[in-house]
Amino acid sequence: MIWHMGHKKVLLLMFLLVIWYPFPIAWAAGPNLTARGAILVDVDSGDTLFEQNADVRCYPASVTKIMTLLLAMEAVEQGRASLTDKVRTSEYAASFGGSQVWLEPNEEFSLEEMLIAIAVGSANDASVAVAEHLSGTHEAFVSKMNKRARELGAKNTNFINAHGLHDDNHYTTPRDVALMAREAARYPKILELTSIKEYTFREVPKLVLYNTNKLLWWYPGTLGLKTGTTSQAGRSLASVVERDGLRLLGVVMGVDRAKGHFAESMSLYNYGFAQYAYKQFFGPGERVAEIKVGKGSQETIGVVPLQKVGTSYLKGKSETLKTQLILPQEVTAPIAQGQVLGQVVVFKDTREVARINLVAEAPVSRGTLARQVNKVWTKVISGE
């Protein structure tokens with residue numbers, strides 16, 4: 001019957017079928033990238049949504065600095081350092097070229113200013129100065145970088161330095177970078193620093209730093225992280241983007257063409273946001289449940305998550321998304337605000353994808369003796 005349409009119409013129909021059908025099929029399989037390796041990860045669950053040669057060994061260049069920033073922020077969190085610390089520049093740190101903020105020997109800046117120099121200006125000299133400040137020597141800090149990488153599950157990574165200048169034995173993989181970047185993305189401060197577009201580091205002589213991550217300008221929802229470029233490594237980018245609650249982390253490494261690491265990252269994210277969505281069960285600070293309080297100044301306490309509770313899912317796929325609360329029937333006062341009282345577990349079908357602490361939304365002091373006696377007496381009268 002189709003031949004009754006006429007020869008030209010048949011050819012046109014066949015042409016339309018050829019150009020139309022490959023696109024959904026190719027798109028469903030993911031973008032075809034020219035990067036040496038790439039990976040796309042759901043930040044919340046850690047699920048891999050797409051990968052292409054994700055375990056290939058690559059030179060990270062300044063993407064290395066994600067681990068430098070992570071160790072610095074962990075030191076702050078653990079009380080071993082403060083963002084207001086004065087970091088003094090050694091002659092060794094001041095000797096590093098490449099991307100730098102031209103630190104002079106004995107010059108001092110706060111730890112936060114040094115981290116901004118690393119995050120925005122990709123400063124090699126500041127990276128070494130911070131490493132020495134936190135660990136005594138650059139070498140000791142690098143040892144901690146490798147130890148932390150292994151703890152995070154990065155099996156194919158070896159750091160030689162804290163800045164990323166080329167060394168044949170300084171390498172990682174897109175998958176390993178994603179593990180380290182996902183951990184770094186847990187720290188709002190790291191995302192804050194790596195999303196600064198422009199920063200005046202010095203007034204005299206004037207030095208203004210401009211962020212090398214062009215996704216901050218070009219791709220809505222970009223939250224930050226780090227570029228890396230050397231002649232040996234090519235162009236690389238690890239970045240985080242959030243839209244409609246779905247937070248994705250993309251890593252592309254070893255791109256040859258100018259600005260190609262941005263174009264390939266955008267292809268990754270276009271694929272991710274087209275194929276996946278996010279279901280939120282509870283928002284940060286939203287009351288999830290109430291627990292009975294024993295010996296307290298009040299009868300119950302509300303429990304809340306400190307972060308959003310939800311998961312990504314493949315659009316159009318039939319999956320059962322649900323939560324399970326793990327809470328005691330009763331807790332005993334006194335209870336501090338923010339005290340961990342339980343957990344909420346998120347499932348895709350039967351697979352656990354997230355486990356998040358639930359904390360007390362307010363403090364509860366211990367009840368007075370008179371209150372306790374009154375409670376007991378009330379139970380006796382009511383026959384409970």
Side-chain angles (χ1 to χ4, degrees), residues 42-47 73-84 182-192 223 240 242-247 277-313 319-384:
D42 172 18
V43 173
D44 290 329
S45 69
D47 287 350
M73 208 51 60
E74 287 180 341
V76 171
E77 180 184 58
Q78 295 162 11
R80 295 183 289 106
S82 168
L83 291 174
T84 59
R182 182 177 175 234
E183 186 67 15
R186 289 200 316 107
Y187 291 88
K189 192 66 177 181
I190 291 180
L191 294 179
E192 174 193 325
L223 300 180
V240 175
E242 182 173 355
R243 290 185 184 175
D244 298 323
L246 179 59
R247 183 173 288 198
Y278 184 81
K279 178 175 177 58
Q280 178 168 301
F281 295 99
F282 306 106
E286 181 180 347
R287 180 177 287 193
V288 172
E290 290 187 350
I291 307 176
K292 289 182 179 180
V293 176
K295 301 180 180 179
S297 58
Q298 60 190 55
E299 299 297 318
T300 62
I301 179 66
V303 293
V304 301
L306 295 180
Q307 63 191 80
K308 65 181 181 180
V309 178
T311 185
S312 64
Y313 63 92
E319 284 186 303
T320 301
L321 306 177
K322 61 184 180 180
T323 61
Q324 177 184 344
L325 300 182
I326 301 175
L327 293 168
Q329 291 186 341
E330 183 176 289
V331 290
T332 303
I335 301 166
Q337 184 174 3
Q339 181 178 329
V340 176
L341 300 178
Q343 294 178 317
V344 55
V345 186
V346 182
F347 291 92
K348 286 183 184 178
D349 293 327
T350 59
R351 182 170 67 93
E352 179 181 325
V353 293
R355 184 177 289 253
I356 296 163
N357 286 337
L358 296 174
V359 304
E361 67 178 352
V364 179
S365 59
R366 195 170 181 84
T368 63
L369 179 60
R371 177 181 171 83
Q372 300 306 314
V373 171
N374 184 60
K375 284 179 65 177
V376 172
W377 181 247
T378 301
K379 288 182 178 181
V380 170
I381 293 176
S382 63
E384 291 185 17

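Hydrogens, waters and symmetry mates are skipped; everything else that's a heavy atom, side chains included, is used.
At distances below 3.5 Å, at least one donor-acceptor pair connects side-chain atoms of Gln339 with backbone N or O atoms of Ala336. Using a distance-only test at 3.5 Å, with no hydrogens or angles considered, no donor-acceptor pair links the side chain of Lys348 to the main chain of Glu319. Checking side-chain atoms of Asn357 against main-chain N and O of Val340 turns up no donor-acceptor pair under 3.5 Å. A distance-only check finds no donor-acceptor pair linking the side chain of Tyr313 to the backbone of Tyr278 [under 3.5 Å].
Asp349 has its side chain out of reach of Leu321: every pair of non-hydrogen atoms, C-beta onward, lies at least 4.5 Å apart. A heavy-atom distance below 4.5 Å is found between the side chains of Val364 and Ser297. Counting only heavy atoms from C-beta outward, the side chains of Ile291 and Leu341 approach each other to under 4.5 Å. When side chains are defined from C-beta on, Glu183 counts as touching Glu74, because their heavy atoms get closer than 4.5 Å. Counting heavy atoms from C-beta on, the side chains of Leu327 and Leu358 come closer than 4.5 Å. Looking at heavy atoms from C-beta onward, Leu306 lies out of side-chain contact with Pro284 at the 4.5 angstrom threshold. Side-chain contact check for Asp47 versus Val353: some heavy-atom pair is nearer than 4.5 Å. You'll find the side chain of Arg182 stays beyond 4.5 Å of the side chain of Val240, heavy atoms only.
In this structure, Gln78 places its CD atom where more than 12 heavy-atom neighbours from other residues, nucleotides or ligands lie under 6.0 Å away.
Residues Ala362 and Ile301 share a closest heavy-atom pair of O-CD1, 3.2 Å. The two residues Gly283 and Glu286 come nearest to each other via the heavy atoms N-OE1, 2.8 Å. Nearest heavy atom pair, residue Ala333 against residue Val293, reads CB-CG1, 4.0 Å. Residues Ser312 and Ser45 share a closest heavy-atom pair of OG-OG, 4.5 Å. Phe281 and Lys322 make their closest contact through CZ-N, 3.8 Å (heavy atoms, listed as atom of the first residue, atom of the second, distance). Annotation for Val288 and Pro305: closest pair CG2-CD, 3.6 Å, computed over non-hydrogen atoms.
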Run the numbers on Val346 and Gln324 for side-chain contact (heavy atoms from CB on, under 4.5 Å), then give the verdict. CA-CA 7 Å; Val346 182; Gln324 177 184 344; over 6 Å; no
Between Gln337 and Val359, does the side-chain contact (heavy atoms from CB on, under 4.5 Å) criterion hold? Intermediate values first, please. CA-CA 7 Å; Gln337 184 174 3; Val359 304; over 6 Å; no
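Residue Thr300 holds its OG1 atom at 10.5 Å from NZ of Lys292, rounded to the nearest 0.5 Å.
Ion pairing between a basic and an acidic side chain is recognised when a charged N comes within 4.0 Å of a carboxylate O; Asp244 and Lys279 show no such pairing.
Of the options Arg247, Lys308, Arg355, Arg186, a salt bridge (Lys or Arg N to Asp or Glu O under 4.0 Å) to Asp44 is made by Lys308 and by none of the others.
Side-chain polar atoms of Tyr187 and Glu192 form no donor-acceptor pair below 3.5 angstrom.
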